[in-house]
Amino acid sequence: FIPTMGALHKGHLSLINYSTSNNDVTVGSIFVNAAQFAPHEDFGTYPRDPVADVRTMIDKGVNYVFLPTQSDMYPGSIFGQTSTSLGRTHV
């Protein structure tokens with residue numbers, strides 16, 4: 001399983017190559033996780049080209065690509081919601 005935020009680069013391609021060479025099935029994912037961005041970082045300008053990223057993954061031998069939505073990853077959350085129990089922002 002190769003989790004990414006998209007914007008695939010040589011490091012991702014190396015992981016894909018390793019996985020496809022050593023496993024019968026390789027799964028990749030693309031999810032730009034806003035929770036990984038600090039308030040001063042610009043989540044909105046993070047590069048996104050999911051069509052090209054999926055095409056690259058498939059061309060490199062990835063069998064399945066998981067493209068979760070915000071609600072898939074954080075069920076029941078509201079964009080920008082803060083959890084007091086964790087002290088973290090869920091987006």
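Please read all numbers here as calculations on a predicted model, not as lab measurements.
Scanning all heavy atoms of the two residues, the minimum distance from A35 to Y74 falls at CB-OH, 3.5 Å. What you find for E41 and Q36 is that their closest heavy atoms are OE1-O, 3.9 Å. Between I30 and P50, the closest heavy-atom pair is CD1-O, 4.5 Å.
A donor-acceptor contact shorter than 3.5 Å is absent between the side chain of S21 and the backbone of Y18. Remark: side-chain polar atoms of N63 are paired, donor with acceptor, to backbone N or O of T26 under 3.5 angstrom.
Two residues are said to be in side-chain contact when any heavy atoms from C-beta on lie closer than 4.5 Å; L13 and T56 meet this criterion. Side chains of M73 and N33 form no contact here, defined as non-hydrogen atoms less than 4.5 Å apart. The side-chain heavy atoms of D53 and T4, taken from C-beta on, include no pair separated by under 4.5 Å. Using a 4.5 Å cut-off on side-chain heavy atoms (C-beta onward), M57 and I16 make contact. Within the 4.5 Å cutoff, the side chain of S29 has heavy atoms near those of the F1 side chain.
Using the six-membered ring where Trp is involved, F43 and F37 have ring planes that are perpendicular, over 60° apart on the 30 and 60° scheme.
V65 and L15 end up in the same hydrophobic cluster when Ile, Leu, Val, Met, Phe, Trp and Tyr side chains are linked at under 4.5 Å. Connection of V62 to V54 is established within a shared hydrophobic cluster, with ILVMFWY side chains joined at heavy-atom distances below 4.5 Å, either directly or through further cluster members.
Atom CZ of F66 sits in a crowded spot, with more than 12 heavy atoms from other residues, nucleotides or ligands closer than 6.0 Å. Within 6.0 Å of CZ on R55 lie no more than 12 heavy atoms contributed by other residues, nucleotides or ligands. For OH of Y64, the number of neighbouring non-hydrogen atoms (other residues, nucleotides, ligands) closer than 6.0 Å is 12 at most.
In this structure, NZ on K60 lies 12.5 Å from CD1 on I2, to the nearest 0.5 angstrom.
Of the N and O atoms on the side chains of D72 and T69, at least one donor lies less than 3.5 Å from an acceptor on the other residue.
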